[in-house]
**Student:** 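Right, I'll just put the structure down here and ask away after.
Here is how names work: the chains are called A, B, and so on, in the same order as the sequence lines, proteins then strands, and each is numbered from 1.
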2 protein chains.
Amino acid sequence: MTAGTVLDLGKFQESERRLTPQRQAVLKAFLELSQEHPTAEAIYQAARRYCPTVGIATVYRSLDLFVQMGLIQKAPSLNGTARYETQKVPHNHFVCLKCGRIYEFDKAQRPVVDKNIEKEGFEVISSSTVCFGYCPACR
Amino acid sequence: MTAGTVLDLGKFQESERRLTPQRQAVLKAFLELSQEHPTAEAIYQAARRYCPTVGIATVYRSLDLFVQMGLIQKAPSLNGTARYETQKVPHNHFVCLKCGRIYEFDKAQRPVVDKNIEKEGFEVISSSTVCFGYCPACR
DNA sequence: ATGCGTGCAAAGGGTTTGCATACAG
DNA sequence: CTGTATGCAAACCCTTTGCACGCAT
């Protein structure tokens, strides 16, 4: 669950960028939450456990930097609140139309995905590799 | 290109909702622009050609209403600006990581889509049914 | 008359930016 | 020293909301 296990931090050495305590905190926070495609606010709250003085602006600047470096990427959102995810190709998402949460599924093909998530309580309204509908918590 | 040709406006008759001049203007504007998944602002500008006094708040309220009625839906966005699209299942989108524009492709399968849009000048970075990358205008 | 719909302006939430300070090379 | 990075607060953009007025039933 350390940063090195998932992301290629060698990119920091190669660049003239500094891996400051704040950026480490943001990175650790993101990695802890990456399964749920966290918002900047969620990352901020988690990052403060590692670096209590970090500001929200630094969190945004760090996330932007990571995106720019290709370490992470933004996830598409329906409600205007940015979410972040690990760089993965391809994506298999379920986006809840009510709460905006994003769920990720593994590389199963579409029909399989549909059946799987319906078994888990999702109501699939529109489905391709990205699925829209209502998640169990919102039904 | 009239509203009736694409959207099921019968839903308005059935409901107790009124299809006011403002709502007609928003609907016409949306239909004109639906290919490019317009933002609320773009719809607002176009709607003023039909109803010069319409306010941006009314545009947002109308779009929300149409979404609620199932006539249209929101498109996922990377930059916090809402976009709207016709209700279609499934979706085949290309989302530009730079400008946020959304392009729609027809129901071709993924590998075909990738080749097609690369031929048209897109650089595909991540692809599923929704593709992310840079569009010709932004490369 | 009653209530839905509207325009305006203000408020709201999330994100970005300006600036002075702190720190690393 | 020189430039990058930070925290704070203000600014910013997009969207929503409060309110009084207008219009249809």
Side-chain angles (χ1 to χ4, degrees), chain A residues 11-27 29-30 37-45 47-48 50-69 71-84 97-102, chain B residues 11-27 29-30 37-45 47-48 50-69 71-84 97-102:
Chain A
K11 292 187 182 179
F12 261 102
Q13 265 96 334
E14 297 162 17
S15 80
E16 65 290 347
R17 263 54 181 272
R18 290 184 220 149
L19 191 44
T20 63
Q22 286 90 342
R23 288 176 182 172
Q24 286 179 39
V26 173
L27 219 30
F30 166 77
H37 298 66
T39 63
E41 177 66 24
I43 295 168
Y44 170 57
Q45 296 302 339
R48 288 208 293 181
Y50 301 112
C51 181
T53 64
V54 71
I56 185 73
T58 297
V59 172
Y60 276 107
R61 280 187 284 230
S62 300
L63 291 170
D64 284 352
L65 175 68
F66 300 156
V67 169
Q68 207 180 315
M69 295 176 68
L71 292 176
I72 67 175
Q73 62 188 29
K74 283 194 173 187
S77 154
L78 286 176
N79 65 1
T81 305
R83 287 176 174 274
Y84 298 86
L97 292 168
K98 179 131 183 260
C99 65
R101 265 193 291 259
I102 301 175
Chain B
K11 291 186 182 178
F12 260 101
Q13 267 97 339
E14 297 162 15
S15 79
E16 65 290 346
R17 263 53 179 272
R18 288 183 220 149
L19 190 45
T20 63
Q22 287 89 341
R23 289 175 180 172
Q24 288 179 38
V26 173
L27 219 32
F30 166 77
H37 298 66
T39 63
E41 176 67 24
I43 295 168
Y44 170 58
Q45 295 301 339
R48 288 208 294 180
Y50 301 113
C51 181
T53 65
V54 71
I56 186 71
T58 296
V59 172
Y60 276 106
R61 281 187 285 231
S62 300
L63 291 171
D64 284 352
L65 175 67
F66 300 155
V67 169
Q68 207 180 315
M69 295 175 70
L71 292 176
I72 67 175
Q73 61 188 28
K74 282 193 175 191
S77 152
L78 287 176
N79 65 1
T81 305
R83 287 176 174 274
Y84 298 86
L97 293 167
K98 179 133 184 259
C99 65
R101 265 193 290 259
I102 301 174

**Student:** Taking only N/O atoms, report every protein-nucleotides 17-23 of chain D pair under 3.5 Å with atom names and distance.
**Tutor:**
residue, atom, partner, partner atom, Å
D/dG18, O6, B/Arg61, NH1, 3.3

**Student:** Is B/Arg83 reaching over with its side chain to a backbone N or O of B/His37, donor-acceptor style, under 3.5 angstrom?
**Tutor:** yes
**Student:** Whole Å only: how far is the CE atom of B/Met69 from the P atom of C/dG5?
**Tutor:**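 So the two atoms are 10 Å apart, to the nearest Å.
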**Student:** Check whether any side-chain N or O of B/Arg17 sits under 4.0 Å from OP1 or OP2 of C/dC4, and answer yes or no.
**Tutor:**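 Answer is no, no contact under 4.0 Å.
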**Student:** Can you spot which of B/Val59, B/Leu63, B/Thr58, B/Leu65 makes a side-chain contact (heavy atoms from CB on, under 4.5 Å) with B/Arg23?
**Tutor:** B/Leu65
**Student:** Nearest 0.5 Å, what's the CD1-OH distance between B/Ile72 and B/Tyr84?
**Tutor:**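 Between atom CD1 of B/Ile72 and atom OH of B/Tyr84 there are 7.0 Å.
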**Student:** If you measure from CD1 on A/Ile56 to CZ on A/Arg61, what distance do you get to the nearest 0.5 Å?
**Tutor:** 11.0 Å
**Student:** Using a cut-off of strictly less than 4.0 Å, decide whether A/Thr20 has a side-chain nitrogen or oxygen near OP1 or OP2 of D/dT6.
**Tutor:** yes
**Student:** Check the distance between C/dG14's C1' and A/Lys74's NZ and give it to me in whole angstrom.
**Tutor:** 10 Å
**Student:** Base, sugar-phosphate, or nothing: which does B/Thr53 touch, judged by heavy atoms less than 4.0 Å apart?
**Tutor:**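 It contacts sugar-phosphate atoms only.
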**Student:** If you find the nucleotide of DNA chain C closest to A/Thr39 and the one closest to B/Cys51, which residue's nucleotide is nearer the 5' end?
**Tutor:**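 Nearer the 5' end of the strand: B/Cys51.
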**Student:** Starting at OG of B/Ser62, measure out to CZ of B/Arg17 and round the result to the nearest 0.5 Å.
**Tutor:**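 B/Ser62 atom OG to B/Arg17 atom CZ measures 11.0 Å (nearest 0.5 Å).
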**Student:** On DNA chain D, check which nucleotide each of A/Val59 and B/Ala82 is closest to and give me the residue with the more 5' one.
**Tutor:** A/Val59
**Student:** Does D/dG7 have OP1 or OP2 sitting under 4.0 Å from an N or O in the side chain of A/Thr58?
**Tutor:**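 Indeed, a polar side-chain atom of A/Thr58 lies that close.
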**Student:** Of B/Ala40 and A/Gln22, whose closest DNA chain D nucleotide lies nearer the 5' terminus?
**Tutor:** A/Gln22
**Student:** Work out which heavy atom in B/Thr81 is nearest to a heavy atom in B/Ser77; give both atom names and the distance.
**Tutor:**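 Closest heavy-atom pair between B/Thr81 and B/Ser77: O-OG, 3.1 Å.
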